[in-house]
Amino acid sequence: MPYEGGGVMSQIAPLTPPPLRGTSPRYAQGGTAPIRRLRSSQPLIIQVDMTPDFDAVIVGAGFAGMYMLHRLRGKGFSARVLEAGKGVGGTWYWNRYPGARCDVESVQYSYQFSRELEQEWEWSERYATQPELLRYANHVCDRFDLRRDIRFETRVAKATFDETNECWIVETDKGERLTARFVITAMGCLSSPNTPKIPGLADFEGPTYHTGNWPHEGVDFTGKTVGVIGTGSSAIQSIPIMARQARHLTVFQRTANYTVPAHNQPLDPAYVRDVKAHYPEMRRRAKTKPAGIDFVINPASAIETPEEERRRRYEERWTYGGLGFMASFSDLLLNDDSNKTAADFVRAKIHEVVKDPKLAEVLTPRNIIGCKRLCVDSGYWETFNRPNVTLVDIRDEPIERITAHGLRAKGEDYTFDCLVLATGFDAMTGALLKVDIRGREGVALRERWNEGPKTYLGMTVVGFPNLFMITGPGSPSVLTNMLPSIELHVDWIADCLVALRERGVKVIEPVEKAQEEWVGQVGDFANITLRSTCSSWYVGANIPGKPRVFMPYIGGLPAYLERCEAVVQGGYEGFALK
Ligand code: N01
């Protein structure tokens, strides 16, 4: 699309937003305004008292962005979703590595806002695979007719708060500018892949794949030699499958990791019928659990439980499979000694499964279990019994360099046809800070967060009016079942926008005191658990130079829900409304 006109803002309309439905909001008359496109070098010229193009621009069309769009439409707001990918699904659109599947049970990792959707969708396995989750995302998108308000293959490059007009100016990588009263980020917590700066990475002559940005056509490793860097969740899910395909697989492990068996299986139709008949009760129970997942937490202390009984409890959970293992006792993440009992149990399992005791020893983690996120696997330890799999322990000596045909580590050259980086993400803040977000007086969010993220409720930031973050840092997000946490935020934000409209409020922004108090609470909770004590992505330790701050709120979903509700009951307590 050519640039038209010179010097003044020309209006061309590659996309026309749909007319507003429902009640017309006070500031939504701009619903039919076209997107403005400028040369990116052109200075911003926006007429005073302009009406924004949209009530809200939503960044990202994963589960959060899609539901946000649905809710805003339902309340009569105009919204445009901007999505970098060619399709919806977010995490499940990008993470297509072999074996990618959810580690929360499908029936719980699903939307609950529509009873009809709940009833009509049929999950086929206990833990849904990435393709099934992507089908679900597309089903939701089509069922609620969301696609027409989503602009795909459009990455948001910059968002600037225009103080004169009290709206956001959103600029895309295509050189477009949109204006909106609100910007709502729905970019995911684990969506900015981390490619480590290992010397020589560009020298490798074969294909390099990142688990977080996997080729859509898939990769067939049959007959290939493959090197994998990393042993986090993505690696632990993909290694067993890659090992079955590859001629040889070499795994480079910096930190041995804990994993529990998934015991994945097809879902019994009778079980599914039962879940469908009792969905509301299950959802209600889940809301009372710290992680927002309906599983039973044994209230007993591990260390105070007699050894035989303790072992029986662990064995029961191990046999059942999944993340509920960490709910075997209530103090596993609060008490070192209790934690050690669980860690020892898993360590013994590794030695039972892995035939070579020396290899088992290298695979055995020595840190706190659950401190880094626990993994859920299907045949991970067993894979190391295969003759075509080699483990290289690089804990004490980092990879020296990537070479044309492999890599050099511990003074040895390893060669392979393909390299897989299972090296994780710049979590929680990475995607947000990739966008140049500028609030009052042009201050950049990157600058504001240079000592770590500071938010009010994990949704808003002082100095960044009318900006909402779905599952932002300082909210329970990654420590919970993401779907209900997303729905909680979306509902809260949508209700907030309605309340503002009803009161004729144009600008909402948290006040410093409220944010400070919230940041303090997030930190205080983090300090009581063992989770903040190790070098994990929760504290940004996987990204060199990233400030070390425990980013999610670990006070549990019920306490968080209560607080969000209290803020509303208090007339949006902690916010300045203008
Ligand atoms: O990433 P990770 P992930 N040299 O950061 C290693 C979610 N998820 O993509 O531990 C050598 O956990 C790094 O080593 P170390 C889930 O929340 C969910 O696997 O830093 N190694 C580590 O082993 C998960 O926690 C599912 O010492 C290097 C690995 O790379 C989160 O996403 C599935 C290195 C990275 O592990 C992230 O998981 C997948 C270097 N320079 C993911 N740099 C579900 O089941 C990094 N590493 C839903």
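Just follow the structure's listing: the first ligand is 1, and inside any ligand the first atom is 1.
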**Request:** Decide, yes or no, whether a salt bridge links R347 with E352 under the criterion of side-chain N to carboxylate O below 4.0 Å.
**Result:** no
**Request:** Output all residues satisfying side-chain hydrogen bond (donor to acceptor under 3.5 Å, both in side chains) with T319, sequence neighbours left out; order by chain, then residue number.
**Result:** none
**Request:** Anything with a heavy atom under 4.0 Å from ligand 1 counts, so go ahead and list those protein residues by chain and number.
**Result:**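 Within 4.0 Å of ligand 1, protein side: Y97, R101, C102, D103, L190, P196, I229, G230, T231, G232, S233, S234, Q237, R254, T255, K372, R373, I394, A422, T423, G424, F425, W537.
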**Item:** Side chain to side chain, F295 and Y320, heavy atoms closer than 4.5 Å
**Value:** no
**Message:** For Y127 and Y109, I'd like to know if the aromatic rings sit close, meaning centre-to-centre distance below 6.0 Å.
**Reply:**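 No, ring centres 6.0 Å or more apart.
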**Prompt:** Does C418 have any disulfide bond (SG atoms under 2.5 Å apart) partners at least two apart in sequence or in another chain, and if so, which?
**Reply:** none
**Item:** Pairwise side-chain hydrogen bond (donor to acceptor under 3.5 Å, both in side chains) hits with a residue in residues 357-370, at least two apart
**Value:**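 Every pair satisfying side-chain hydrogen bond (donor to acceptor under 3.5 Å, both in side chains) with a residue in residues 357-370: H351-E361, H351-T364, E361-R366.
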